[in-house]
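Below, each value reflects all heavy atoms present in this structure, side chains not excepted, and no hydrogens, waters or symmetry copies.
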Amino acid sequence: MKNLLRVPTVLLLASIGLTGCIGLQPAPMYRLDSGTSELPERTDGTAVLLAPVSLADYLQRDALLQRLADGSLAADDQQARWAGNLKGDIEQLLLRQLAWRLDTQRLMLGPVEEGFVPEVQIELSISRLDSGPQYPAVLEAQWRLRDKAGKHLGSRLVRLKEQHQGTTADQVRAQSLLLQRLSGMVAEAVEPALVAKTQPRRAPARPKTKSAEVQVPRIPAAEPIRTDMEVFRF
């Protein structure tokens, strides 16, 4: 009787184990899309330094978080994850976009290496990058620009939104578009500084001098000469 009861128990455990194996699915993984960004051919372009991007603490994790109705953040239902380091992916996306938009291969991610003298330095911090099934993708960031001497050239705070279709894949697409738009705005802010650096300096204007006075020949005063006749010499 004991032997007859063991067979169903073994079969049941095997069935449970098989069901568990079948139900175990790998977590989906996602990467940001760099978009259309052709690498420039010029190797003599302007030297630009992108400082390491400062990323909000809640973004420094593998889990792909979702924005909920009450404003809180939670892990994706499918346990979706970022394929790799999110900070590194953001920096590489920005590097490719900026190189393409500024038409220069001389763009480096900080810290700066010896011998590389950037004409413009970009400091970027991202305080928010998320979305939810019912909420658009939102990016909040700030950038600062400095010249090679560290002098402040300008800064700006931005908040961008992008709609999506609700799926996790489309949310990642929307977040990628926001970062591409951000890189375009940073490039537009950098360009005037580059133009100012490449324009030749004008020679200082000479002070205007008074026009030379017209030299009018002076007619000498008449002097009488005592002779037999009254003669005037000029």
Student: Is there a path of hydrophobic side-chain contacts, each under 4.5 Å between heavy atoms, that joins Trp100 and Leu102?
Tutor: no
Student: Can you see which heavy atom on Pro136 is nearest to which on Lys161, and at what distance?
Tutor: CG-CD, 4.5 Å
Student: To the nearest 0.5 Å, how far apart are CD in Gln78 and CG in Leu64?
Tutor: 10.5 Å
Student: Decide side-chain contact (heavy atoms from CB on, under 4.5 Å) for Thr46 and Val190; before the verdict, give the C-alpha distance in whole Å, the side-chain angles of both, and the deciding distance to 0.1 Å.
Tutor: CA-CA 11 Å; Thr46 306; Val190 169; over 6 Å; no
Student: Can you measure from OG (Ser155) to CD (Glu123) and round to the nearest 0.5 angstrom?
Tutor: 10.0 Å
Student: Do the non-hydrogen side-chain atoms of Pro118 and Met108 ever get within less than 4.5 Å of each other?
Tutor: no
Student: With rounding to the nearest 0.5 angstrom, report the CD to CZ distance, Glu162 to Arg181.
Tutor: 6.0 Å
Student: Give the cluster check for Val158 versus Leu145: same hydrophobic cluster or not, with ILVMFWY residues linked at side-chain heavy-atom distances below 4.5 Å.
Tutor: yes
Student: Is His164 reaching over with its side chain to a backbone N or O of Tyr135, donor-acceptor style, under 3.5 angstrom?
Tutor: yes
Student: For residues Gln66 and Pro133, report the shortest heavy-atom separation together with the two atoms involved.
Tutor: OE1-CD, 3.3 Å
Student: What is the minimum heavy-atom distance between Gly166 and Gln171, and which atoms define it?
Tutor: O-NE2, 3.1 Å
Student: Check the pair Leu73, Arg67 against side-chain contact (heavy atoms from CB on, under 4.5 Å), reporting the backbone distance first and the verdict last.
Tutor: CA-CA 5 Å; Leu73 293 164; Arg67 179 74 61 173; 3.7 Å; yes
Student: side-chain hydrogen bond (donor to acceptor under 3.5 Å, both in side chains) with Gln175: which residues, sequence neighbours excluded?
Tutor: Ser131
Student: Identify the two heavy atoms, one from Leu68 and one from Ala74, that lie closest to each other, and give their separation to 0.1 Å.
Tutor: CD1-CB, 3.8 Å
Student: Quick one: list whatever passes side-chain hydrogen bond (donor to acceptor under 3.5 Å, both in side chains) with Thr168, sequence neighbours left out.
Tutor: Asp76
Student: Just grab all the salt bridge (charged side-chain N to carboxylate O under 4.0 Å, His left out) pairs involving residues 167-179, residues at least two apart or on different chains.
Tutor: Asp170-Arg173
Student: Hey, does the side chain of Gln121 reach the backbone of Asp147 with a donor-acceptor pair shorter than 3.5 angstrom?
Tutor: yes
Student: Can you list every side-chain hydrogen bond (donor to acceptor under 3.5 Å, both in side chains) pair that touches residues 101-115, not counting sequence neighbours?
Tutor: Gln97-Arg101
Student: I would like to know whether Gln60 and Leu86 meet side-chain contact (heavy atoms from CB on, under 4.5 Å); could you show each step before the answer?
Tutor: CA-CA 7 Å; Gln60 299 183 31; Leu86 179 60; over 6 Å; no
Student: Say you draw a straight line from CG of Leu49 to CG of Leu107; how long is it, rounded to the nearest 0.5 Å?
Tutor: 8.0 Å
Student: Tell me the closest heavy-atom pair linking Gln180 and Ser34, and the distance in Å.
Tutor: NE2-C, 3.7 Å
Student: Should the heavy atoms of other residues, nucleotides or ligands under 6.0 Å from CD of Gln165 be counted, would the total exceed 12?
Tutor: no
Student: Under 3.5 Å, which donor-acceptor pairs do the side chains of residues 137-144 form with other protein atoms, sequence neighbours left out?
Tutor:
residue : atom : partner : partner atom : Å
Glu140  : OE2  : Arg159  : NE           : 2.7
Gln142  : OE1  : Arg144  : NH2          : 3.2

Student: Count the heavy atoms of every other residue, nucleotide or ligand shown that sit under 6.0 Å from CZ of Arg31, and state whether that count exceeds 12.
Tutor: no
Student: What I'd like to find out is whether the side chain of Ile122 reaches to under 4.5 Å of the side chain of Leu94, using heavy atoms alone.
Tutor: no
Student: When clusters are formed by joining ILVMFWY residues with side-chain heavy atoms under 4.5 Å apart, either directly or through shared neighbours, do Leu179 and Leu177 land in the same one?
Tutor: no
Student: Do Leu124 and Ile90 have side-chain heavy atoms sitting under 4.5 Å apart?
Tutor: no
Student: Table please: side-chain donor-acceptor pairs of residues 50-58 below 3.5 Å, with sequence neighbours left out.
Tutor:
residue : atom : partner : partner atom : Å
Tyr58   : OH   : Leu129  : N            : 3.1
Tyr58   : OH   : Asp130  : OD2          : 2.6

Student: To check you understand the geometry: which heavy-atom pair defines the closest contact between Ala47 and Phe116, and what is its length?
Tutor: CB-CZ, 3.8 Å
Student: Applying a strict under-4.5 Å side-chain criterion to I, L, V, M, F, W and Y, I'd like to know whether Val112 and Val120 cluster together.
Tutor: no
